[in-house]
Amino acid sequence: MKSLVKKGTTAMIGLLLFSTPAYSEYSTNNQSSKSNFKYPTNVTQNLIGKSILKTTDKSLSLKQNLKQKNILVQANPKNSSDSLTNTAILNLKSKQSSPFTAANAAKILPADTALFGYVNTSSPDWEDMGRFQLFRLLGQAISTSLLFLPREYTNYASYLQPWIGDHVVFAFLPKTANKLSSIDSSFLTLAAVKDEQALQGLLEKFKANAKNIKEQEYKGIKILEIDTSQGNSSFTQQTTLKFLQARSSMTPLKKKPKINRQRQTLAIAIVPGYVTVATSIQPIKQLIDSSVSQGNTDNLFDNPNFQPAMSHPLANKAMFGMYQNPMEYVNLLENFIKDPRLSFPPESMELLNTNIKQIREQIKPYNSTNSFITIQSEGLRFQVVAHRKKPLTASQVKLANIPEEKILSFIPAATYSAFTGKDINQTWQIISRLLTTQPTTADSLEEFRKFFRSNTGLDFEKDIINWMDGEYAFFFYPTKGGFLSSVNPNLSSASPNLNLGIGLGLQTSNRQAVSNTLDKLNKFIQTVSKNEVTVSKSTIKGNSVTSWESQSPTDPSAYSLLAYSWLDDDTVMITTGKGAIADLVPQPYVSLPSAYNFKTATNSFPHPNAGYFYVNMGSLLSWVYGFVPAEFNSPYFQMFKQGIGSIYSISSSSSTTAEQEQFDTLIVLAPVRKELNRFEKVKN
């Protein structure tokens, strides 16, 4: 699996650096020379500063390289007369140290960098991925697709390994004053370089054969700028054009697809220890400026808000990690949507601006967020941690989490999917306050309230939301009873029944308010249906059940459309019919907390927490496949079934402490399946 990651990384960097018209032409005419290429032992032109570095020692350490370059830059008369240039190079050097880690890259980035992410190619998790069937299947698919790329894009040993380090970093630099930022002017990547000489040799070879490349020096750093819009279309442009043409031929469009003909560039520069690549020259210049602007030596690594990202236990182990400065990132988003090249319609711009204002309000309590992707024994783990500016009180923490998780005991173990939480009333209050901050959304909210009242005779907040102050659970589960199970989806006797029930469990501290609301709804349905729907009461397993029942003129049997019952003093369960609720009262035969799948999916989450999102993939897929026509049983569909069938469950949860909020997602995966030999296949 790690080798596939290396191949994928190689392909990505190769396409980024070399999918230009000049290189395409060069690769066509020089296929034989590429495979025999050896990195030169002499580099006649150093890309950093104007000094000339010649050496025949390929194993020269970076520290020695930096030391030698530092001496050469100081000895260079032109450089020595330019104090700003010297300062830029010296500051960049002073920020570097071995080993090459993501943390070291942060030392040369501005302190208020909006987003900092990294891919750790040396993480042991890449090897651990090979234990799971899903990644084995994906690896086979990736290997097949990479066969269609040129060899230099996938040969890690000869293309990247001689010079690349263990981390590839990407970053969105902060918005610059009085300038409109775009993705091109803010985003760059940094790849750690363990053998700068080898990289320089590769770039020198590329420069010698490229026709659309310019070289400029900025404060002692040489930057290669490649015009990727000249000549023939690049790999990416050709793919985009083919896609749009195909789409146009299949579905007539009001307007013909247009390909962006604006000038597109790729900028490459080497700063000590790293090669940086961007789609424009601006972020590279900003990176250099951040080290010398008016003597400012602040950097991201020294930012106190950044420290939790690197000190987190998962930081060094994670395959992927990310730090985000929430406010700076929102500032960038606000600029990005103004980019005229994106051409958002006016109505979309208004909606986006409204959303950004709402997001800005929501993120005010936080000073940073960190994200990690790791492998654990059960499968793939995704974690996001938001760090608060001001700690919560003990009572606030208690209110945010669910101490007992009592509602889970009313959900059946074979549930297809469930969503649980706490205090819908409080959540609605937060949402409604955000909606009322903008005139457009405030008007829509008021229209919704009027519509609900005019059609039900109930006040949405007072009669419905107000009493929902305890735990809740919304879930789909298998059942042979209930209204939905009597519905034949294809109106054919050969078609399977839905065998589906929908449940909504609600806890409340005000049972009388709930009973009043249910009584109003009972009267409402009879009035609206002109008594074609009747409200009946019965007893199931000792529990009183109320049911809405409809009688069809063509079918004398009664259909229960909805049923509800009190499962204890403060929990009401509402389902799709009397037959469906029969599987839940007074409790399911086997409840969700005792199910092995659910325990595996949630045991590694923090406890207590704010509830769960849970999908039992085995149970759900078994139900879905019952509706797949026989015509879909193709080799491709079988491959899809193998892949998705190796996912046992998907689960998420959020939790709150005084200092932070944490969101976790876990994809539980099947282990690699043993391949049967010929004898075992015959035996079985």
pair [X]-[Y]: side-chain heavy atoms closer than 4.5 Å:
| X | Y | value |
| --- | --- | --- |
| Val384 | Asn370 | no |
| Phe460 | Arg453 | no |
| Thr415 | Phe476 | no |
| Thr539 | Val545 | no |
| Gln526 | Glu532 | no |
| Asn616 | Ser649 | no |
| Trp566 | Arg511 | yes |
| Leu518 | Thr546 | no |

Nearest 0.5 Å, what's the [atom1]-[atom2] distance between [X] and [Y]?
| X | Y | atom1 | atom2 | result |
| --- | --- | --- | --- | --- |
| Thr436 | Asp443 | OG1 | CG | 11.0 Å |
| Leu435 | Ile430 | CG | CD1 | 12.0 Å |
| Thr575 | Ile581 | OG1 | CD1 | 4.0 Å |
| Asp469 | Asn510 | CG | CG | 7.5 Å |
| Asp519 | Asn516 | CG | CG | 6.5 Å |
| Leu669 | Gln376 | CG | CD | 10.0 Å |

Answer yes if the side chains of [X] and [Y] hold a donor-acceptor pair under 3.5 Å, and no otherwise.
| X | Y | value |
| --- | --- | --- |
| Gln396 | Thr393 | yes |
| Ser604 | Arg381 | yes |
| Trp467 | Asn425 | no |

Start with the C-alpha distance between Asn466 and Glu461, add both sets of side-chain angles, then the distance that settles side chain to side chain donor-acceptor pair (under 3.5 Å), and finish with yes or no. CA-CA 6 Å; Asn466 190 51; Glu461 274 103 353; over 6 Å; no
Between Thr508 and Val572, is the side-chain contact (heavy atoms from CB on, under 4.5 Å) condition met? List the steps. CA-CA 8 Å; Thr508 182; Val572 62; over 6 Å; no
Looking at [X] and [Y], what are the two nearest heavy atoms and their distance?
| X | Y | result |
| --- | --- | --- |
| Gly501 | Thr479 | N-CG2, 3.5 Å |
| Ser529 | Val533 | OG-N, 3.1 Å |
| Asp463 | Thr517 | O-OG1, 2.6 Å |
| Ser565 | Ser544 | OG-O, 2.9 Å |
| Leu314 | Thr374 | CD2-CG2, 4.1 Å |
| Ser550 | Leu561 | CB-CD1, 4.0 Å |

Other residues, nucleotides and ligands only: do more than 12 of their heavy atoms fall within 6.0 Å of [atom1] on [X]?
| X | atom1 | result |
| --- | --- | --- |
| Asp569 | CG | no |
| Lys317 | NZ | yes |
| Phe451 | CZ | no |
| Lys406 | NZ | yes |

Identify the residue among Thr665, Asp664, Thr602 that makes a side-chain hydrogen bond (donor to acceptor under 3.5 Å, both in side chains) with Ser652. Thr665
Verify, without hydrogens or angle tests, whether [X] (side chain) and [Y] (backbone) share a donor-acceptor contact under 3.5 angstrom.
| X | Y | value |
| --- | --- | --- |
| Ser594 | Ser591 | yes |
| Asn401 | Pro403 | no |
| Ser560 | Lys578 | yes |
| Ser368 | His387 | no |
| Thr571 | Asp568 | no |
| Gln507 | Gly470 | no |
| Ser651 | Ala601 | yes |
| Ser547 | Ser536 | no |
| Ser622 | Ser619 | no |
| Asn603 | Thr600 | no |

Would Arg388 and Glu661 satisfy salt bridge (charged side-chain N to carboxylate O under 4.0 Å, His left out), going step by step from the backbone distance to the final call? CA-CA 8 Å; Arg388 288 186 168 275; Glu661 292 183 19; 2.5 Å; yes
Relative to each other, are the rings of Phe663 and Phe382 parallel, tilted or perpendicular (30° and 60° limits)?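 The rings of Phe663 and Phe382 stand perpendicular, inter-plane angle above 60°.
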Which of parallel (below 30°), tilted (30 to 60°) and perpendicular (above 60°) describes Phe475 and Tyr477? tilted
side-chain contact (heavy atoms from CB on, under 4.5 Å) between Ile525 and Val535: does it pass, once the steps are laid out? CA-CA 9 Å; Ile525 191 64; Val535 179; 4.3 Å; yes
Would you say the ring centers of Tyr612 and Phe598 fall short of 6.0 Å from each other?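 Yes - the distance between ring centres of Tyr612 and Phe598 falls below the 6.0 Å cut-off.
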Give the C-alpha distance, both sets of side-chain angles, the deciding distance and a yes or no for side-chain contact (heavy atoms from CB on, under 4.5 Å) between His312 and Phe372. CA-CA 10 Å; His312 194 283; Phe372 304 98; 3.6 Å; yes
Is it true that the NZ or CZ of Lys422 lies under 6.0 Å from the centre of Tyr472's six-membered ring and within 45 degrees of the ring axis?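 Output no; distance or angle outside limits.
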Apply salt bridge (charged side-chain N to carboxylate O under 4.0 Å, His left out) to Asp583 and Lys541, showing your working. CA-CA 10 Å; Asp583 295 333; Lys541 300 175 186 177; 5.6 Å; no
Evaluate side-chain contact (heavy atoms from CB on, under 4.5 Å) for Phe452 paired with Asp459, printing each intermediate quantity in order. CA-CA 7 Å; Phe452 190 86; Asp459 184 285; over 6 Å; no
Ion pair Glu447/Lys450, N-O distance below 4.0 Å: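 Lys450 and Glu447: not salt-bridged.
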